[in-house]
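This report concerns only the one structure given below.
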Protein chains: 4
Amino acid sequence: MPGSRRTAVEGEQRRAQIVDAAQHAIATAGFEGLRVRDVAAQVGINIATLHYYFPTKEALVAAVVQRIVRTLDRVPLNDPVHDPRRMLIEHIQHILGRFAADRNLFVVLNEIYARADRDAELHAVLLSNDHAWADYLRTIFAAGRDAGQFRADLDPDGATVLVIGFLKSLLAQLDLTVERGRLAADEIVRAVTAP
Amino acid sequence: MPGSRRTAVEGEQRRAQIVDAAQHAIATAGFEGLRVRDVAAQVGINIATLHYYFPTKEALVAAVVQRIVRTLDRVPLNDPVHDPRRMLIEHIQHILGRFAADRNLFVVLNEIYARADRDAELHAVLLSNDHAWADYLRTIFAAGRDAGQFRADLDPDGATVLVIGFLKSLLAQLDLTVERGRLAADEIVRAVTAP
Amino acid sequence: MPGSRRTAVEGEQRRAQIVDAAQHAIATAGFEGLRVRDVAAQVGINIATLHYYFPTKEALVAAVVQRIVRTLDRVPLNDPVHDPRRMLIEHIQHILGRFAADRNLFVVLNEIYARADRDAELHAVLLSNDHAWADYLRTIFAAGRDAGQFRADLDPDGATVLVIGFLKSLLAQLDLTVERGRLAADEIVRAVTAP
Amino acid sequence: MPGSRRTAVEGEQRRAQIVDAAQHAIATAGFEGLRVRDVAAQVGINIATLHYYFPTKEALVAAVVQRIVRTLDRVPLNDPVHDPRRMLIEHIQHILGRFAADRNLFVVLNEIYARADRDAELHAVLLSNDHAWADYLRTIFAAGRDAGQFRADLDPDGATVLVIGFLKSLLAQLDLTVERGRLAADEIVRAVTAP
DNA sequence: CATGAATGAGTCTTCATTCAT
DNA sequence: TATGAATGAAGACTCATTCAT
């Protein structure tokens, strides 16, 4: 079948276009305001065509969620034990940087977490991701404490919950500027550093 | 005006019933899944009756939001300067307690914050509330630092962002138990306490 | 029952108020846009109170129609045979005068005629009125022709249809000023007058 | 674009079907009684399909009005100066003929004129049409008078208002038969003809 | 007489989805 | 692959009317 590969590639591109548009739509109007018609119009295709690629709205939403979760996976989790304090700083700054660069991603993320509360499957996916994230931070904190970089009475579990909480709340902190975000990040570092 | 007082009271009760049901519906299905019909059914009244009290769905949602925001206002903000460390602990525990007692409130709150991103009016209301909250915490941190209870290098602003972030993220931390919440709270206190 | 008469009078006044408001509403928004709620609000009473006076919307509309038809009855139909030409002029001018003075009445009248097309009862009432009107004009034309005031070849029946048509169309002639109305009236008179 | 022409034609046909049905419904029940559901049922399509062609009820009404106005445009306005008297007769008879042939058109027209009183846009459209109509008649009357066919003291403007009024009132004259209409038409002609 | 509250029966409109071509 | 057309199921909202007080 000559050309079949090119077609397949084009198909993937189209799917990606649609997911892009859907994600943008969710960021703009929330899941509440997501309309497959609008997504199709944004891409410049017919609704029926969209349904050819994504049979149901749910499938489209799932594709958006999936892609975002995959993105999260790619959050750099460098070797935490070498220089824990540095790793912590880099990790926080990396996420703050992403927040500044692509706020839309966080808007959708927020919607996704809200939805997880009533969507068991989504809950499971996010939970699994969060576990990996928490493990990473916990390792950093434990290693840093054991190496004397962090306070001796630091509780890795508590600190992990605290830091993840802060990072997850970026969007809900309505007046959070990049600077105030860095202030908080600095405070975290000082707060965990051994005196 | 025969019976006007009793009638007025009953009217208010009915309104409250409707708002209750609506809040519950939002907690269950999100703004996305809110159906005035279901709310009316929950209260046991006709849809037209619901519209008698709240002309539009938007008005009903506004009433729910308004009531929740009013609830937030009542978060006890005790005198922060007397014993800052104790005030901080009490404040955090109060909110953790509410979270444990009425998780639904936080679910709706989460929805509300998500919505604020595309609703300027809502944004303004929440922002004003958040400002008051931040001011309170900032005062605690500054007072505690100046009194020597807290670390000398503590940045009140950064710490405030951090704590509010943690408290706001309670819901997004999918596997957060009450215990792990307390662990994080304890860590906060240790982290700010002077060595 | 002392005071019963005064009460009855007040009741009639209230009914009249309601009919007034209803007629005004019809003139403003047409039968299409008539809302009993609005009428009640206009009068300053509760809808239930309005329904006390007029059990159904249809009854209210009937009252409006009845009053207007009664008004039409009072169109002066002077003795047509004494000076037919003068009678014709006066009749036309009387109606043009009313049109100038109370355009709303004609707006409602127009609605009523449109409605008569699908309301047999209304049709009968209006038809009876129109017959009396046509008879009056026909008598004028016949008398004027026989007396030599009008053209010898004047057909009373045709002229009657023509004049009534013109008068009925006042409202449908969108750009009809008082002056142009008088021009047409003058033309009628010249057209029927014997050369 | 496979089948695009056939599809486009079919689409237009469907639109026409819907407008037909809507016009019929208005003629039957007035604007007051127009129900999109009934129109769809008449055509034999789903309500949603009707909304596919006409997004709102208002758009459907506009289409009906537009088509009728377009129809009016096509009223033959022959060269008025050659034989004005004949032109006048033909014009009047043409309209009387249409009235006899398609009374429904006039019923709707009546509704439309009533509505124009509270719809500025509609008012403008009808007014523009009426102006063209009046110009045509005025030219006929002026030419006929100057050519000696019509009375020397004929006022073209007054006569125009009169004739248009008569023609517009066809519907409001409840007991108007075709014959009585012709009587009036004949009377018009006699009334303007030079003695 | 008057009213606040309640309701049944609509009315328009929306939206995800399907299907023939 | 792509589309115009079609639809079922639901959605918010309206309105005349009723009833207990």
Side-chain angles (χ1 to χ4, degrees), chain A residues 7-8 10-11 14 33-40 43-61, chain B residues 1-4 6-8 10-11 13-15 33-40 43-60, chain C residues 7-8 10-11 14 33-40 43-61, chain D residues 1-4 6-8 10-11 13-15 33-40 43-60:
Chain A
T7 303
E10 280 176 353
R14 183 118 290 185
L34 178 63
R35 300 286 176 268
V36 290
R37 237 188 181 83
D38 296 348
V39 173
V43 179
I45 59 175
N46 188 283
I47 316 170
T49 304
L50 186 149
H51 270 91
Y52 172 81
Y53 289 97
F54 299 94
T56 68
K57 184 185 187 179
E58 208 51 45
L60 175 57
V61 168
Chain B
M1 281 178 279
S4 78
R6 207 183 95 213
T7 303
E10 280 175 356
Q13 282 180 337
R14 183 118 287 185
R15 289 178 70 88
L34 179 62
R35 300 286 176 267
V36 291
R37 179 178 303 184
D38 297 345
V39 174
V43 179
I45 58 176
N46 188 285
I47 304 180
T49 303
L50 188 149
H51 274 96
Y52 175 77
Y53 288 95
F54 299 95
T56 67
K57 184 184 185 177
E58 207 52 44
L60 175 57
Chain C
T7 303
E10 280 176 354
R14 183 120 287 186
L34 179 62
R35 301 287 176 266
V36 290
R37 237 188 180 83
D38 297 347
V39 173
V43 179
I45 59 175
N46 188 283
I47 317 169
T49 305
L50 187 149
H51 271 90
Y52 172 79
Y53 289 98
F54 298 95
T56 68
K57 184 184 189 179
E58 209 50 46
L60 175 57
V61 168
Chain D
M1 282 177 276
S4 77
R6 206 183 95 213
T7 303
E10 281 174 355
Q13 283 180 335
R14 182 117 288 185
R15 289 180 69 89
L34 179 62
R35 300 287 175 264
V36 291
R37 179 179 302 184
D38 296 345
V39 173
V43 179
I45 59 176
N46 187 286
I47 303 180
T49 304
L50 187 148
H51 274 94
Y52 175 77
Y53 288 96
F54 299 95
T56 67
K57 183 184 187 179
E58 206 52 43
L60 175 57

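Just so it is clear: chains get the letters A, B, ... in the order the sequence lines come, proteins before strands, and each one is counted from 1.
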At their closest point, which heavy atom of D:V36 faces which heavy atom of D:H51, and how far apart are they?
CG2-CE1, 4.4 Å
Starting from P on F:dT17, measure out to OH on B:Y52 and report it in whole angstrom.
18 Å
Closest listed nucleotide, where the reference is the side chain of A:H51 and the choices are F:dT3, F:dA5, E:dA16:
E:dA16
Of the listed E:dC12, E:dT3, F:dT17, the closest approach to the C:T49 side chain comes from E:dT3
What nucleotide, of F:dG8, E:dC1, F:dA2, holds the atom closest to the side chain of A:Y53?
F:dA2
Can you tell me how far C1' of E:dC15 sits from CD1 of D:I47, to the nearest Å?
14 Å
Any side-chain N or O of A:N46 under 4.0 Å from OP1/OP2 of F:dG4?
yes
Is D:R37 touching bases, backbone alone, or none of the nucleic acid, heavy atoms closer than 4.0 Å?
base
Using a heavy-atom cut-off of under 4.0 Å over every strand shown, decide if D:I45 touches base, sugar-phosphate, or nothing.
sugar-phosphate
Take A:R35 and D:L34, find for each the nucleotide of DNA chain E with the closest heavy atom, and name the residue whose nucleotide sits nearer the 5' end.
D:L34
Where do B:I45 and B:L50 come nearest, in terms of heavy atoms and distance?
CD1-N, 3.8 Å
Contact list please: residues 54-61 of chain C against DNA chain E, heavy atoms, distance less than 4.0 Å, in numerical order.
none
How far apart are the closest heavy atoms of B:F54 and B:R15, and which atoms are they?
CE2-NH2, 3.5 Å
Given the rule that a pair is Watson-Crick or G-U wobble with both distances under 3.5 Å, how would you write DNA chain F in dot-bracket, using | for pairs to a different strand?
.||||||||||||||||||||
Counting only side-chain N and O atoms of B:R14, is one of them less than 4.0 Å from OP1 or OP2 of E:dA6?
yes
Would you mind classifying the nucleic acid contact of D:L50 as base, sugar-phosphate or nothing, using non-hydrogen atoms under 4.0 angstrom?
nothing
Quick one: which of F:dT14, E:dT7, F:dC19 gets closest to the side chain of C:A48?
F:dC19
Looking at every non-hydrogen atom in both residues, tell me the closest pair between B:K57 and B:L34 and how far apart they are.
NZ-O, 3.0 Å
